[in-house]
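Structure first, commentary second.
When a residue number appears, it is its place in the shown sequence, counting from 1. In this text the structure is predicted, and so the values were computed from the model without any measurement.
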Amino acid sequence: MGEGSKRRRISRTKDKAGKAETKPKYSSWSWSDLPDQLLGLILGKLSLVDIIHCCAVCSSWRSTAQFHCTQSTSTAWLMLPGDEKDDSTTRCFFNLAENKVYKMKNAFEGFGEDAWCVGSSHGWLVILDDEAIPHLFNPFSRFRIQLPSIPNEFLSPNIDRDYFVRYLRKIFIAKAVLLADPSRSNNFVVVVICGSLSRLAFCKKGDTTWTELAVRSLNTYQQYVEYSDIICHDNQVYVLSSDASVEVWDFRSAFPTKIMSIDKPSTLQKVVGNSFFIHNLSPKFYLVKTSTDLLFIKRFIGDFVNAEGLLVDEDYVLYNSEICPYRTKLFYVYRLNFRQKTWEQVESLNDQVVFLGGNQSISLSSHDLLGCIPDSVYFTDDRWDEMDVDDSYGGHDIGFFNLDDQSIKPYYRSNLARIDPPPFWITPNLSMVKD
């Protein structure tokens with residue numbers, strides 16, 4: 001049998017003259033007929049970018065990819081605004097491993113002209129649309145879940161709804177996190193730090209409103225505890241208060257219960273420098289859970305930094321025509337000693353890479369992160385209360401800090417002095433939502 005006969009079946013028919021005629025008979029097989037199990041094995045060998053490309057082949061491939069591919073916890077992408085003017089629905093995603101930007105058109109369609117992100121967990125974003133209605137949104141699978149509106153009781157008595165939507169929408173929620181991945185759990189919870197007093201509130205799946213967790217303060221100068229950061233781990237919420245103490249809440253019961261309190265650090269390393277340097281820095285606090293430790297990170301942001309990267313004061317800005325935006329200058333990292341309930345300074349993160357900003361802070365191994373420098377903190381701009389102070393800057397304060405040499409360098413170069421909306425870290429997730 002000839003080589004061609006091995007590859008295809010031959011049908012013999014007769015033409016009008018009665019002569020034998022051979023015609024190749026091809027089947028109507030298509031790529032969409034590839035068995036799901038085989039496709040799943042193939043997807044397991046591909047990079048995230050290749051999987052996203054596979055999702056575009058056909059609906060059956062997209063469904064299989066979303067079923068087989070869980071959250072890609074070994075990588076972090078930077079979400080950026082679209083690169084075209086007056087295009088509010090497009091988002092760009094910067095892949096550190098490839099040093100490449102991917103564009104996703106119409107990703108934010110349906111959220112209005114000025115959607116605002118207030119959180120990122122498990123590959124999901126917490127979005128406020130134009131009317132300040134919160135949504136959970138996965139930009140890679142395009143699934144979205146509408147959440148209850150922010151109750152009017154959360155607002156100050158002298159603030160009406162219209163004023164809130166117009167002027168306070170972008171600063172009302174300091175951070176939002178997810179207690180579980182909606183793609184893998186039917187019992188997800190959204191927890192936020194919100195309001196002028198930075199209190200906690202939460203919303204469970206199926207709730208019709210938000211519930212506030214108002215914890216009375218032991219300090220005489222404030223009635224309730226104010227919070228500065230929040231992370232979720234193993235059905236527990238770790239909350240960092242403004243005085244650097246930590247509370248741990250368990251959400252497995254009908255109503256959250258506080259199961260642990262860690263007092264504020266008695267001694268923390270002070271910023272090294274002269275009084276001018278120290279007095280022109282503003283701190284921000286973060287919590288990060290690694291595979292083995294709970295980290296407390298202090299970020300010091302220079303309120304005014306000139307073109308040479310030097311810290312200046314407000315008088316310099318007033319008497320010079322130079323624009324001096326805020327910029328991050330320094331990080332200190334501490335590890336919690338659970339046994340003694342004390343914070344110990346960390347000189348090195350070893351192979352770990354920390355990603356922080358408006359997202360739930362995460363720590364990943366550099367062995368799984370091509371293009372990232374180990375022992376570093378990769379940060380984005382989360383100083384949202386200053387986004388609308390000056391049209392000349394905002395969203396710009398991004399880079400990475402290396403603990404080894406104490407340097408700050410860029411990981412993404414933009415020719416824009418203002419990045420609006422500001423960049424956000426996200427761990428891509430293609431999983432389907434559970435019913």
Side-chain angles (χ1 to χ4, degrees), residues 88 108-121 124-137 143-180 182 187-217 219 221-230 232 237 239-242 247 249 251 253-258 358-360 382-389 420-422 424:
S88 61
F108 274 54
E109 193 171 27
F111 293 122
E113 296 297 316
D114 193 22
W116 189 256
C117 186
V118 294
S120 172
S121 303
W124 289 77
L125 304 173
V126 182
I127 300 293
L128 294 179
D129 64 19
D130 278 0
E131 299 301 318
I133 297 174
H135 304 258
L136 295 180
F137 177 56
F143 284 107
R144 63 182 67 190
I145 302 170
Q146 183 171 325
L147 301 173
S149 297
I150 304 298
N152 289 332
E153 305 85 74
F154 283 17
L155 309 180
S156 299
N158 59 335
I159 295 177
D160 61 27
R161 194 74 186 180
D162 291 339
Y163 185 90
F164 166 71
V165 171
R166 187 170 183 180
Y167 297 106
L168 302 179
R169 176 176 63 100
K170 294 183 179 181
I171 61 174
F172 185 78
I173 295 180
K175 180 169 285 190
V177 297
L178 269 164
L179 192 59
N187 299 310
F188 66 83
V189 183
V190 184
V191 188
V192 301
I193 299 174
C194 64
S196 59
L197 299 178
S198 300
R199 297 181 185 176
L200 290 181
F202 69 92
C203 171
K204 295 185 177 182
K205 180 183 179 181
D207 285 355
T208 57
T209 189
W210 293 82
T211 303
E212 191 175 54
L213 282 176
V215 181
R216 289 197 171 274
S217 174
N219 298 324
Y221 62 87
Q222 62 183 40
Q223 184 178 7
Y224 294 98
V225 176
E226 297 182 8
Y227 300 99
S228 56
D229 197 29
I230 182 171
C232 298
V237 174
V239 192
L240 183 66
S241 69
S242 56
E247 300 171 4
W249 291 77
F251 274 73
S253 56
F255 195 83
T257 55
K258 186 165 65 171
N359 59 295
Q360 172 171 292
D382 58 354
R383 203 157 162 163
W384 299 337
D385 55 343
E386 294 198 30
M387 277 296 298
D388 294 325
V389 171
D420 186 12
F424 247 87

* Let me know which of Asn158, Leu168, Leu155 forms a side-chain contact (heavy atoms from CB on, under 4.5 Å) with Tyr163. => Leu168

* Structure fact -> All heavy atoms of Met387 vs all of Pro422, minimum pair found to be CE-CD, 4.1 Å

* Asked: Which atom pair, heavy atoms only, marks the closest approach of Trp116 to Trp384?
  -> CZ2-CG, 4.0 Å

* Asked: Can you list the steps and then say if Arg169 with Asp114 is a salt bridge (Lys or Arg N to Asp or Glu O under 4.0 Å)?
  -> CA-CA 11 Å; Arg169 176 176 63 100; Asp114 193 22; 3.1 Å; yes

* To do: Begin with the C-alpha distance, continue with both residues' side-chain angles, and end with the deciding distance and a verdict on side chain to side chain contact (heavy atoms under 4.5 Å, CB included) for Phe188 and Ile145.
  => CA-CA 11 Å; Phe188 66 83; Ile145 302 170; 4.2 Å; yes

* Going by the angle between their ring planes, with limits at 30° and 60°, are Phe111 and Phe108 parallel, tilted or perpendicular? -> perpendicular

* Ser121 side chain to Val177 backbone, donor-acceptor under 3.5 Å -> no

* Asked: Would a distance-only check, ignoring hydrogens and angles, find a side-chain to backbone donor-acceptor pair under 3.5 Å from Trp210 to Pro151?
  -> no

* Asked: Could you go step by step and tell me if Val118 and Val192 meet the side chain to side chain contact (heavy atoms under 4.5 Å, CB included) rule?
  -> CA-CA 9 Å; Val118 294; Val192 301; over 6 Å; no

* When rounded to the nearest 0.5 angstrom, what distance separates OH in Tyr227 from CG in Leu213? -> 7.5 Å

* Asked: Counting N and O atoms only, with roles assigned by atom type, does the side chain of Lys170 sit under 3.5 Å from a partner on the main chain of Leu128, one being a donor and the other an acceptor?
  -> no

* Under the 3.5 angstrom rule, does the side chain of Asn359 hit a backbone N or O of Ser120 as a donor-acceptor pair? -> no

* Does any non-hydrogen side-chain atom of Phe202 lie less than 4.5 Å from one of Leu179? -> no

* Atom CH2 in Trp124, atom CZ in Phe137: separation rounded to 0.5 Å? -> 9.0 Å

* Asked: Considering residues at least two apart in sequence or located in another chain, which fulfil the side chain to side chain contact (heavy atoms under 4.5 Å, CB included) criterion with Ser228?
  -> Leu240, Phe285

* Working for side chain to side chain contact (heavy atoms under 4.5 Å, CB included), residues Ile150 and Ile173 -> CA-CA 10 Å; Ile150 304 298; Ile173 295 180; 4.1 Å; yes

* Could you give me the CA-CA distance, side-chain angles and deciding distance for Thr211 and Phe255, then say whether side chain to side chain contact (heavy atoms under 4.5 Å, CB included) is met? => CA-CA 10 Å; Thr211 303; Phe255 195 83; 3.8 Å; yes

* Structure fact -> Here the pair of heavy atoms bringing Phe424 nearest to Cys117 is CE1-O, 3.5 Å

* Out of curiosity, Leu125 CG to His135 NE2, how far, rounded to the nearest 0.5 Å? -> 12.5 Å

* Asked: Taking Lys205 for the side chain and Val189 for the main chain, is one N or O donor matched with an acceptor at less than 3.5 Å?
  -> no

* Asked: Distance from Leu200 atom CG to Leu197 atom CG, nearest 0.5 Å?
  -> 12.0 Å

* Can you find a pair of side-chain heavy atoms, one from Pro148 and one from Thr208, that are under 4.5 Å apart? -> no

* **Minimum heavy-atom distance Cys203-Thr209, with the two atoms named** => SG-O, 4.2 Å

* Is there side-chain contact between Val239 and Val225, with at least one heavy-atom pair below 4.5 Å? -> no

* For the residue pair Val165 and Asp130, what are the closest heavy atoms and their distance? -> CG1-O, 3.2 Å

* Asked: If every non-hydrogen atom of Asn152 is compared with every non-hydrogen atom of Arg161, which pair is closest and at what distance?
  -> OD1-NH1, 3.1 Å

* For the atom pair CD1 (Ile193) and CG (Asp229), what is the distance rounded to the nearest 0.5 Å? -> 6.0 Å

* To do: May I ask you to test the Val237-Pro256 pair for a side-chain heavy-atom distance under 4.5 Å?
  => no

* Test item: Glu247 side-chain N/O and Lys258 main-chain N/O as donor-acceptor pair under 3.5 Å -> no

